[in-house]
Asker: 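Questions regarding the structure given below will be posed in turn.
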Amino acid sequence: MSDLRYREALNRALREEMLRDPDVFLMGEDIGVFDGAFKVTEGLLDEFGDRRVRDTPISENSIVGLGVGAAMLGLRPVVELMTINFSLLAMDQIVNHAAHIRYMFGGAVSVPMVIRMPQGAGNQLGPTHSHCFEALYMHVPGLLVAVPSTPADALGLLKAAIRDDNPVVFIEHESLYSERGEVPDGEHLVHFGSAAIRREGSDLTIVGISRMARTAEKAAERLADEHGISAEVIDPRTLRPLDLDSILASLAKTNRCMVVEEGWPHGGIGANIGALVQEQGFDDLDAPVMRVTGADVPMPYAKALERLAFPDVDRVVAAGLELMGRTTAA
Amino acid sequence: MSDLRYREALNRALREEMLRDPDVFLMGEDIGVFDGAFKVTEGLLDEFGDRRVRDTPISENSIVGLGVGAAMLGLRPVVELMTINFSLLAMDQIVNHAAHIRYMFGGAVSVPMVIRMPQGAGNQLGPTHSHCFEALYMHVPGLLVAVPSTPADALGLLKAAIRDDNPVVFIEHESLYSERGEVPDGEHLVHFGSAAIRREGSDLTIVGISRMARTAEKAAERLADEHGISAEVIDPRTLRPLDLDSILASLAKTNRCMVVEEGWPHGGIGANIGALVQEQGFDDLDAPVMRVTGADVPMPYAKALERLAFPDVDRVVAAGLELMGRTTAA
Amino acid sequence: MADSRSDDRPGPGPPRTGSLPEPETALEWLSAMLLVRRFEERAGESYTRAKIGGFLHLAIGEEAAVVGAVRAIRSTDWLISTYRSHGHALSRGTPPNAVMAELFGRTTGASHGRGGSMHIFDVERRFMGGWGIVGGNIPIGAGFALASSYRGDGEATLCVLGDGATNQGTFSETMNLAALWRLPVVFLVTNNRFGMGTAVERHSAVTDLVRKGEGFGVEGRRCDGMDVCDTQSAVAEAIEICRSDQRPILVEAMTYRFRGHSMADPERYRTKEQVEAWRERDPIEGFAKRLTEAGILGDDLRERLDAEAVAAVDAAVKFADSSPEPAPESLYNDVYALGGEVKGWLSTDPPGVDPGPPANGIPWEVQQ
Amino acid sequence: MADSRSDDRPGPGPPRTGSLPEPETALEWLSAMLLVRRFEERAGESYTRAKIGGFLHLAIGEEAAVVGAVRAIRSTDWLISTYRSHGHALSRGTPPNAVMAELFGRTTGASHGRGGSMHIFDVERRFMGGWGIVGGNIPIGAGFALASSYRGDGEATLCVLGDGATNQGTFSETMNLAALWRLPVVFLVTNNRFGMGTAVERHSAVTDLVRKGEGFGVEGRRCDGMDVCDTQSAVAEAIEICRSDQRPILVEAMTYRFRGHSMADPERYRTKEQVEAWRERDPIEGFAKRLTEAGILGDDLRERLDAEAVAAVDAAVKFADSSPEPAPESLYNDVYALGGEVKGWLSTDPPGVDPGPPANGIPWEVQQ
Ligand SMILES: Cc1ncc(C[n+]2csc(CCOP(=O)(O)OP(=O)(O)O)c2C)c(N)n1
Ligand SMILES: Cc1ncc(C[n+]2csc(CCOP(=O)(O)OP(=O)(O)O)c2C)c(N)n1
Ligand SMILES: [Mg+2]
Ligand SMILES: [Mg+2]
């Protein structure tokens with residue numbers, strides 16, 4: 001085990017896969033000479049040269065498109081978009097092209113590419129740089145969607161994503177880049193579609209998405225320490241496919257379920273899991289599936305507002321109490 | 001009352017609003033000389049001239065962007081995108097810009113524009129021309145989203161959309177353009193956020209989205225005629241805002257709810273309504289909220305597959321029987 | 001902006017004539033053009049007989065720009081086109097049966113019935129589609145060239161797009177990237193004077209389309225897209241330069257589509273006279289006449305070649321019509337590349353389709 | 001593609017010098033540049049003191065390109081810029097208090113604290129933002145010009161973008177639209193030689209950026225963006241032509257940013273020597289020297305003007321720091337233009353924020 005930052009784990013994943021497979025290469029804005037806007041690709045240009053670490057112009061849609069073409073011929077491009085907000089410019093290549101090529105052409109070709117990008121609020125980056133768009137990609141058949149929340153998962157999922165033959169939307173979180181965690185030393189792969197139980201519990205199930213998996217874990221500690229409530233915390237790790245089994249198994253034990261996410265409420269990840277859980281676990285539910293989500297607003301810049309616009313530990317604790325029928329913290 | 005086709009009702013809405021307000025103008029690919037790919041704008045170039053009916057190059061993102069700029073200065077652009085599939089190219093202008101400008105700039109300015117586009121399958125247009133993306137837009141605060149299913153609503157909602165000071169994503173359906181219906185003769189406006197009860201019933205509530213409101217209505221007839229089941233059919237007409245009240249009121253009566261939509265299941269409209277309904281109407285539910293959705297695949301071209309990839313009357317009837325605990329049709 | 005160069009562009013006036021190749025080659029080109037023409041005529045008929053659904057875009061009138069370009073590249077090069085691409089597939093060698101069956105939506109189709117007319121695909125012959133989003137194929141084509149450059153395998157890409165597509169942001173973005181990275185790709189702009197119903201001077205401020213590429217670093221050339229010889233030599237020269245110099249080149253082929261944009265098109269955006277003037281430069285008639293004058297083609301041979309094309313198309317229609325439709329069980333195949341397919345995670349699947357293993361416990365194996 | 005014209009472009013070599021305006025005007029320009037410089041220096045300090053969050057992009061070094069351009073347009077014209085726009089707002093007349101308060105995230109900020117440094121807005125002075133998506137402001141700026149053209153009101157738009165933004169698809173799309181529709185807009189490309197850490201020759205195949213506009217129909221000009229006079233006269237000429245001829249013009253201002261891209265930038269992509277060479281052409285020092293030589297500026301006056309700038313900035317910091325933070329209740333304000341706000345349809349709102357009327361029964365009134 002090593003103690004690595006999330007950003008370092010990602011860097012290690014890229015490096016290991018580039019060493020392992022000469023078809024893996026990187027493209028993105030300022031990933032080379034600048035070492036990446038968030039320093040994930042630090043040192044890789046020096047190590048692998050500019051054939052395999054390619055700085056691009058600011059042309060999101062076409063960068064992804066070039067990746068799609070290269071992937072169709074069997075290369076394994078890993079495209080970095082500087083943040084997920086800018087991925088809306090590449091939505092056509094990601095959805096209308098990358099996701100659908102295999103199906104549309106009768107299975108004759110695959111698109112083994114990874115589109116990496118960070119999302120999330122917390123650094124006052126304001127309404128054009130802070131959003132969470134995992135729900136937009138989760139909606140689309142043909143894509144795989146990963147939302148790692150720990151350094152170990154960042155490593156294992158990114159390596160799995162690069163080896164997978166499907167287009168993967170790989171969503172990092174800006175506020176996690178400097179977070180540390182234990183990472184296995186040898187070859188470490190995390191399979192898509194297998195959730196992690198972050199904490200076992202018996203009173204309620206909290207599903208946390210992306211960074212909110214960590215927020216949920218901290219809230220569960222508080223619920224236990226301060227309120228004697230035993231919450232089980234599940235981090236699905238991938239949203240497409242989703243390991244619904246683990247969530248339903250937990251629900252069967254706890255009979256109460258909450259989903260915590262940073263993105264917008266309507267049509268969010270919580271809505272999807274809420275709908276699935278009530279469909280497939282209706283008889284296990286003692287109360288409605290509860291959602292704690294980001295506010296239904298563009299992310300404001302001012303700290304005083306940004307704080308309120310996405311869930312924090314206090315809110316999850318309060319929601320947990322409410323779901324258990326205890327007085328809320330408010 | 002007049003008997004109009006859906007396309008004619010839209011045309012009338014555009015014409016009436018252009019006559020009423022000189023700031024209303026149209027932009028889009030082939031809307032002028034070609035009369036529109038689906039003939040919605042037929043005759044308007046001749047009547048209003050090329051200052052107000054503007055053929056554009058194939059530049060979706062920038063066409064919307066020009067509309068945003070013109071709207072910020074107080075004009076009321078109505079931008080047609082040829083189909084919703086191509087709107088992914090304009091996602092950045094729609095989401096990062098149009099939807100967030102008012103909030104981001106502290107309320108100093110509005111974006112009174114309408115982005116019109118048709119969606120939907122049924123004409124074998126294949127995987128780049130047939131999708132339903134209302135869920136992508138429903139997710140985004142700052143937008144209004146309309147999904148009219150009748151000529152009268154097409155007229156009333158489009159007129160309301162043009163007069164509204166918010167950016168409106170106005171989603172038509174390709175398979176409805178030639179459908180006829182009664183339309184009031186005088187000034188006709190439909191408020192956003194008010195659902196229509198298409199048929200009253202007492203055994204179950206069927207919420208139908210976009211064209212599926214009509215499919216639901218036909219299924220309800222069959223359920224009544226052939227199975228003695230009384231289904232209430234609700235067409236929300238707008239997804240943002242959503243008239244959840246009417247759905248909950250119906251549920252209180254029927255205790256069973258189903259959502260029918262043409263789009264993909266994960267993170268779809270049904271997921272959102274399912275999550276909301278179980279949250280706010282849990283005690284009224286005798287069974288899980290059921291969803292009948294499009295298949296989780298890109299839309300295939302072959303008729304034999306396309307037929308299966310989105311709900312039809314048979315499937316809704318079968319689902320209704322299942323929800324009522326009767327044997328399914330399968 | 002007025003375009004100072006527009007006057008000397010090939011048009012319905014006197015043709016520009018590329019020099020003739022060897023007789024055998026010339027006859028093969030003629031046959032290829034005849035096949036495309038006959039195929040598309042029959043596709044149009046089959047469409048009106050409701051054997052074909054969706055949109056059908058014919059390239060009748062553009063056969064020289066199609067066949068000339070495809071005959072300019074090697075079999076190891078990559079070809080990518082738009083939704084108007086039956087001719088590109090056929091000229092590349094995709095059997096008429098497979099193309100027609102795709103139009104009919106059958107399992108024997110080039111894309112197994114999934115794509116239809118707009119999305120023909122034949123990876124075996126390196127015909128890489130058939131794409132429905134205007135401008136979407138441009139960066140993808142450059143991506144093929146990126147792969148060739150990355151591997152240093154000496155392969156090149158021919159990427160076909162329309163005049164209207166030069167207004168899509170991907171056009172300039174990709175020109176810049178291709179020039180910056182010195183990618184071996186030829187962009188063939190099939191300038192048929194219209195993007196749907198919008199004439200080039202109504203959609204482009206600069207109607208001299210080669211200038212649009214040059215502004216972003218891609219050298220431009222122009223050829224007479226009504227002359228198969230001129231097109232072939234222009235594209236052949238471009239592709240060999242792009243291969244040896246490792247850099248992109250844009251070739252604008254001046255041509256015209258004789259039919260509507262798609263099957264439902266009242267064509268109010270152009271005059272009958274304009275269409276007639278261009279029809280007088282029919283690329284097949286013109287080439288046949290030249291071959292006749294050169295003593296290469298006689299009436300008998302012409303009839304025989306045409307009969308062969310018709311026979312191939314007849315057979316294709318028969319083949320397509322008797323091919324099976326996709327089975328309901330195949331609805332979820334190939335959404336993902338997988339050991340076991342993910343067939344949907346919930347109960348919303350249609351009856352009659354096996355929804356497969358539910359979300360619960362998808363065995364998702366990393367592809368190693 | 002090598003750029004044949006790149007050698008005679010203004011650079012750190014001998015400056016190109018526009019002719020001086022009247023003394024009073026010249027001094028006002030100097031004051032404006034001083035204000036921008038002092039403001040941004042203080043913003044930088046306040047950022048390191050954690051008074052300002054998020055990203056902070058300073059334009060120190062680019063003041064001539066900022067002030068010269070803004071002084072070239074009328075008060076009734078429209079100005080739109082990027083995330084590097086403190087200077088544009090200040091030069092346009094937005095009070096330093098409002099700009100600084102926005103950086104501090106306060107209600108008294110130009111955007112009420114919602115936008116921050118990247119999204120300054122002042123509709124009263126027709127400073128139309130402050131935009132964070134590279135290339136996103138280009139079609140929006142053209143949209144302002146479309147409104148002017150539609151209304152025939154004789155107003156024009158100045159749309160500022162960076163060298164890196166010319167690679168975004170919106171650039172060519174908008175050039176074409178603006179040229180085709182003859183929109184009265186000047187696109188000012190602030191060419192500071194880098195898009196973040198990527199030098200212009202590493203991001204653009206054609207480094208002569210005016211050619212990128214010309215390929216899509218927009219006439220291009222170039223000015224010395226280190227010289228306020230040259231910039232002002234080039235942009236003034238362009239904007240009057242664009243107004244009278246009703247057509248777009250692109251002006252490339254050659255300049256340089258002395259500081260990092262944003263506050264966290266180790267600047268490994270350029271040499272100290274390069275930065276030093278450009279710093280010798282400091283637009284404020286250079287202009288002050290010229291004014292001194294022309295007898296317009298003495299030491300006392302220079303000090304006084306500088307002290308005024310510093311005082312205004314001091315006051316702005318004080319104002320910002322003592323201004324209120326947005327109240328929690330305001331979280332949902334202005335998402336929509338409405339009679340009554342839609343405050344969220346469900347129970348996911350944070351405690352302490354009034355979620356307002358639930359979805360159930362939103363009174364949604366058509367705006368009439
Ligand atoms: C992104 C996108 N926008 C619009 C369309 C609808 N459309 C299909 S073909 C076409 C015209 C394209 O013109 P051009 O590029 O000249 O090709 P041509 O049809 O003449 O071969 C349009 C607008 C589309 N398919 N994709
Ligand atoms: C669409 C988009 N992609 C990427 C970014 C991240 N980014 C911010 S500034 C910048 C460089 C822009 O360079 P340029 O246009 O030259 O402007 P400058 O910063 O030099 O003023 C980049 C890549 C962004 N904000 N938006
Ligand atoms: Mg064309
Ligand atoms: Mg720059």
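Naming convention: chains lettered A, B, ... in sequence-line order (proteins, then strands); numbering from 1 in each chain.
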Asker: Pick one of side chain, backbone, both or neither for B:Met27, based on which atoms fall under 4.5 Å of a heavy atom in chain D.
Answerer: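 When you check distances to chain D, only side chain atoms of B:Met27 fall under 4.5 Å.
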
Asker: Does anything in residues 124-170 of chain D form a ring-ring contact (aromatic ring centres under 6.0 Å, His included)? List the pairs, not counting sequence neighbours.
Answerer: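 Residue pairs with at least one partner in residues 124-170 of chain D: B:Phe25-D:Tyr150, B:His97-D:Trp131, B:Phe105-D:Trp131.
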
Asker: Can you name the nearest heavy-atom pair linking B:Thr205 to B:Ser250, along with the distance?
Answerer: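 Minimum heavy-atom contact is OG1-OG, 2.6 Å.
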
Asker: Tell me which of these, D:Gly169, D:Ala178, D:Pro139, has more heavy-atom pairs under 4.5 Å with chain B than the rest.
Answerer: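 Among D:Gly169, D:Ala178, D:Pro139, the one with the most close pairs to chain B is D:Pro139.
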
Asker: Using non-hydrogen atoms only, which part of B:Pro77 is less than 4.5 Å away from chain D: side chain, backbone, both, or neither?
Answerer: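 Interface part for B:Pro77: neither.
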
Asker: Relative to chain B, which segment of D:Ile120 carries a heavy atom at a distance below 4.5 Å: side chain, backbone, both, or neither?
Answerer: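 For D:Ile120, the backbone is the part near chain B, not the side chain.
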
Asker: In terms of heavy-atom pairs under 4.5 Å, which option from D:Met128, D:Arg114, D:Glu102 contacts chain B the most?
Answerer: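 Maximum pair count with chain B is reached by D:Arg114.
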
Asker: Does a donor on one side chain sit under 3.5 Å from an acceptor on the other, for D:Asn333 and D:Ser330?
Answerer: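 Distance-only check fails for D:Asn333 and D:Ser330.
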
Asker: Please state whether the side chain, the backbone, both or neither of B:Val168 comes within less than 4.5 Å of a heavy atom of chain D.
Answerer: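 Neither; nothing under 4.5 Å.
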
Asker: Identify which part of B:Asp50 has an atom lying under 4.5 Å from any heavy atom of chain D, answering side chain, backbone, both or neither.
Answerer: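 B:Asp50 has no heavy atom closer than 4.5 Å to chain D.
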
Asker: Where do D:Pro96 and D:Leu90 come nearest, in terms of heavy atoms and distance?
Answerer: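 Answer, listing the atom of D:Pro96 first, then D:Leu90: CA-CD2, 3.6 Å.
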
Asker: With a 4.5 Å cut-off on heavy-atom pairs, point out which of B:Asn96, B:Val111, B:Ile58, B:Val64 contacts chain D the most.
Answerer: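 Highest number of pairs under 4.5 Å: B:Asn96.
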
Asker: Please name all residues satisfying side-chain contact (heavy atoms from CB on, under 4.5 Å) with D:Ser148, sequence neighbours left out, ordered by chain then number.
Answerer: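 D:Ser148: side-chain contact (heavy atoms from CB on, under 4.5 Å) contacts with D:Trp78, D:Asp153, D:Glu155, D:Pro184.
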
Asker: Relative to chain D, which of B:Asn61, B:Ile247, B:Asp21, B:Ile63 shows the most heavy atom pairs under 4.5 Å?
Answerer: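 Among the listed options, the one with the most contacts to chain D is B:Asn61.
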
Asker: Under a plain distance cut-off of 3.5 Å, with no hydrogens placed, do B:Thr56 and B:Glu29 share a side-chain donor-acceptor pair?
Answerer: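 No, B:Thr56 and B:Glu29 have no side-chain donor paired with an acceptor closer than 3.5 Å.
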
Asker: What distance do D:Ser172 atom OG and D:Phe216 atom CZ have between them, rounded to the nearest 0.5 Å?
Answerer: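 One gets 4.0 Å once the value is rounded to the nearest 0.5 Å.
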
Asker: Could you tell me whether D:Glu124 atom CD has more than 12 heavy atoms of other residues or ligands within 6.0 Å of it?
Answerer: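 Atom CD in D:Glu124 is not crowded, with 12 or fewer foreign heavy atoms closer than 6.0 Å.
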
Asker: Who among D:Gly116, D:Ala145, D:Gly136, D:Gly141 has the most heavy-atom pairs with chain B under 4.5 Å?
Answerer: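 With the most close heavy-atom pairs to chain B, the winner is D:Gly136.
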
Asker: So which of B:Gly69, B:Ala70, B:Pro141 has the biggest tally of heavy-atom pairs under 4.5 Å with chain D?
Answerer: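 Option with the top pair count is B:Gly69.
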
